[in-house]
Every structure is written in structure tokens, then in C-alpha cells.
There are 2 protein chains.
Amino acid sequence: MDTQPKASPPAHEIVYGKLREHILFGDLIPGQAITIQGLTAMLDAGMTPVREALRRLISEGALVFNGNRRVSVPVLSTENVNELLFGRQAIEPQLVIMATQNATPADLDAIEAIDIALDEAIEIGDVKGYLRKNYEFHRALYDLANAPILASLADTMYLRFGPSLRVISGRLGTQSLPDLHKACLSAMRAGDAHAAANAIKQDVVSGMELMKRNLTESHP
Amino acid sequence: MDTQPKASPPAHEIVYGKLREHILFGDLIPGQAITIQGLTAMLDAGMTPVREALRRLISEGALVFNGNRRVSVPVLSTENVNELLFGRQAIEPQLVIMATQNATPADLDAIEAIDIALDEAIEIGDVKGYLRKNYEFHRALYDLANAPILASLADTMYLRFGPSLRVISGRLGTQSLPDLHKACLSAMRAGDAHAAANAIKQDVVSGMELMKRNLTESHP
DNA sequence: CACCAAATAATTTGATCATATTCTGAGAAT
DNA sequence: ATTCTCAGAATATGATCAAATTATTTGGTG
């Protein structure tokens, strides 16, 4: 009986997860058009689950609905990045303060493990690994804060710049990427919530500033 | 041929709008269970559009997905309200600052008209009218800021407490409801973005404090 | 005669529905 | 109390319809 005790999650959840991965860590370029029928083929799913996952990701800002029924990966403007800079600066430090209060040593060990893996990815130039571990790091902090509403706001903002960050990281390589994580972690271990919040704020600011400097300068 | 020249929006958009209205201004009680088949009957729509609208509203936090295929209207805890208090305090003043910079006299006249209608609703004890105009007021400010990402964050937060606010307003009547709108508007007319931001912050704080004081004290 | 533009046909893609299937939870029976 | 059964609800499919983009034709013009 133990061989298959799990009730599999619904198809639309699976599709949502897969598509989210593609957006954050895959090959979906900002501006790229998304078609429902393309996704049903790519993800081997029916239309209804794909459609539901799409609506969900659209309302999270991970994809955009372009007026005439077409869906695409968002292209960030400088103003958009400024909004994300402000919003993340407003929310993430608070999440870190709350996380610091909740964190057990085991929690911090787990997060440190993520950050070590992140360093290794930078070391060997593994862009995709960096992106994944960076997301996991921030996400682990969100979850530790035990503040689901604020965490979902932060997550939504992360999703919005995921594809652009991926492109930029790919262009720049892993060397010049910001990492204020260790300062944040040691402050959390010391129970200094204020210092931890400041460290993550610096991390957020330098990340967003990097994006602003490297947005594709298309037009003449 | 001119009798119906408009291309109607897709059914899932219409369903989304209707359901959103029900959540903010209708009769959906926090904790109430939502069924897909109930909605297809109530809104006279097919299952697929209803399903898509549901996913969208769930990911916006306007509805909650209770593990086992059950969807319901969210019940706010004190911690939830504290999160919303922090989040709105962080975002809305910034939106008002940006709105102040963009606002034309005509824009301000339009918003003032909403606020006057709001006062009338309070005057005659029209709870539903108050809720609608209060939402329109805040929403008009969000839109004026020309900051779509921050506006969507603020809107999401408003959606989350809509049903609870409605219940509380119904219990208390319209007399004791906060309204710092006139201070905000006159500051905007004077071009004093800082004062306008402070006024809206006060409005947000007193609204959220009101909610905290009046959450249903269920358990013994 | 070549070229541009407007109109129209063709194809691709999205939207919707009816129906089949799977899952959950409540109550009956042990 | 535990297990079984079953009704009802959610999930998923694929066919069908409608809209939009792209390709093609056609007619006129420099």
C-alpha cells in the first residue's frame, strides 16, 4: 500500500509549477509571445489546466495579457524597475525582521546551505544555478517571516523581474552579481533584526540598480 | 450594423468583474464556501470562464483555496490585518505622492466628485454606497499615480479585506467610518505631496485599526 | 510596367461548451 | 470507532466556434 500512497496534485497545479519554472529559470525571453496551444504541447497537458495556470500567472504579473487576447513575457521599463525597487525596499526588510524573530538555528542552517550552493554556482559560472538559489534564498526568508500576505507581495514582485534578471545575468556572467546574503545571515544569527533588514535592503537595492543599468537600450 | 459595433469582452473577463463586485460590494460573507456550479448558475456562465475567474481571484487573495478543492471567502486574522496595515502604509502614501505630481485640476475634480458622493452615502446610511465610493476613491488615486505595479499591489490588498470591511461597516453603520479624504484632496490641490501622503496614511491606519478592533471574536 | 495599398482569403490561436472522469466527504453499516 | 458506499462536486478532455493575425490577391496609380 505504501508504494503509491500519494494523491497526485491537480494538473493545473503541475502546469502552474512547470510554467513558473520556465519563467524564472527557463528560456522564456521578455517580450516573447506565449500561446496556449504551444504550452499544451510543451507541457503535455490539456487546454483547461494550461488556461488556468495562465490566468494565475497573469494576475501575479509573471505574464502580461496584451489587450487582444495575446499573452507574453513582460518587458520591464525603467519606471517598472523603479516601482519594484520601491516596493521591494518597503516589504522585504520587514519580512527579514519578522524572519529573524522566528528563525531557529536549524532554519538558519538551511538557509545558509542555500547560500553556500549559491556561492558555488557563482564560482563555476552557473547562471541558472545562481538564479535558482538566489530565488530560494529570498523565498526561504519570506516563508520564515510567517506573514503570508506580505510574502505573497514580495513573491509577486520577484516573479515580475525574473525573466529580465535571467537575461541580464546571462549577459554579464555570474561574477558581478550582488550578494549581501552573508551579512544578512550573520545578523540574523546574532538576533540583530535591524542589521539583517539593512543587509537585505542593500541586496535589493544593488540588484534593482543592476537591472536598471542593464535594461536593453533598444531605441535610437 | 451600427447597433452593436462593440466587440464584447471575453466571458471570463465579465465573470471576473461580476464576481469581484460580489466580493467587494455584494453579499459574500467571510468564511462562506464558493462552488463553481453555484457560480455558473448565479452568473449565468459556463464552467470554464468561471474556473478562470476563480483562479485569478484566488491568486489575488480575494478568495482562498482551502486545500481540498474547496474555495471560500477569506477570514482575516489579527495578524493578517497587521500585515495589511504595514503593507498599505508602505505603498499607498507613495502612490499618493506620485498621483499628486501627475494630477490635473480635472483629475482632482473627478476624485472630489467621488468623495462628495461618499459623504452623501455616509449621510443617508448607505453602507453599500459608502463601500463602493471608498473603493473608487482609493482606486482613482492608484490609477493617477501611473505606477501599475505598485497600484496592483495596493489593489490586491484592498481586495483582501473587502468582505471583512463590508461586514464590519454593516454592523457599525456609516457614522463611525474614517474619512481623511478631504485633507488628502486639499493637500493634492496645493501640490503638497508630503501632506497628501500623510493624510492617506492616516486614513489607512484608522481604517485598519477599525478592522482590528472589530474582527469577530469567535473563540472563548 | 512596377509598385503600393486596400480588400479579402487562409491559417493560426483563443474562447467556450458538453461531457467524461476523478476525487472528496458524509452517512450507513459493521 | 472503522470501513464502505455513494452522491455530488471539481477536474480534465477534446470538439466546436469565434476572433485575429498573416498571407494573398487585386485594383489602381505613378
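Residue numbers start from 1 in every chain, and the chains themselves are labelled A, B, ... in the order their sequence lines are given, proteins ahead of strands.
Every residue meeting the side chain to side chain donor-acceptor pair (under 3.5 Å) condition with B:Y135, not counting sequence neighbours, appears here in chain and number order: B:R20, B:R139, B:D155. Partners of B:Y130 under the ring pair (Phe, Tyr, Trp, His ring centres under 6.0 Å) rule, at least two apart in sequence or in another chain, do not exist in this structure. Scanning for side-chain contact (heavy atoms from CB on, under 4.5 Å) contacts around A:V73 gives A:L28, A:Q32, A:I34, A:L63, A:P163, with sequence neighbours left out. Applying the ring pair (Phe, Tyr, Trp, His ring centres under 6.0 Å) test to A:H181 and every residue at least two apart in sequence or in another chain returns A:F137, A:H138. With sequence neighbours excluded, the residues that form a side chain to side chain donor-acceptor pair (under 3.5 Å) with A:K133 are A:E136. Taking A:Q94 as the reference, A:I97, A:M98, A:L150, B:F86 meet the side-chain contact (heavy atoms from CB on, under 4.5 Å) condition, with sequence neighbours excluded. Residues that satisfy the side chain to side chain donor-acceptor pair (under 3.5 Å) test with B:T78, not counting sequence neighbours, are absent from this structure.
For residues 40-49 of chain B, the set of pairs meeting the side chain to side chain donor-acceptor pair (under 3.5 Å) definition, not counting sequence neighbours, is empty. Note on residues 104-114 of chain B: pairs passing side chain to side chain donor-acceptor pair (under 3.5 Å), not counting sequence neighbours, are B:T104-B:D107, B:D109-B:R189, B:E112-B:R189.
Only A:G46, A:M47, A:T48, A:P49, A:N68, listed by number, bring a heavy atom of residues 46-68 of chain A to less than 4.0 angstrom from any atom of DNA chain D. For residues 11-19 of chain A, proximity to DNA chain D is found at A:A11, A:H12, defined as any non-hydrogen atom under 4.0 angstrom from a strand atom.
Rounded to the nearest 0.5 Å, atoms CG (B:L24) and OH (B:Y158) are 7.5 Å apart.
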Atom pairs, N/O to N/O, protein against nucleotides 4-9 of chain D, distance under 3.5 Å?
none

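Taking atom CD of A:Q32 as the reference point, atom P of C:dT13 lies 13 Å away to the nearest angstrom. Rounded to an integer number of Å, the gap from CD1 of B:I34 to C1' of D:dA10 is 15 Å.
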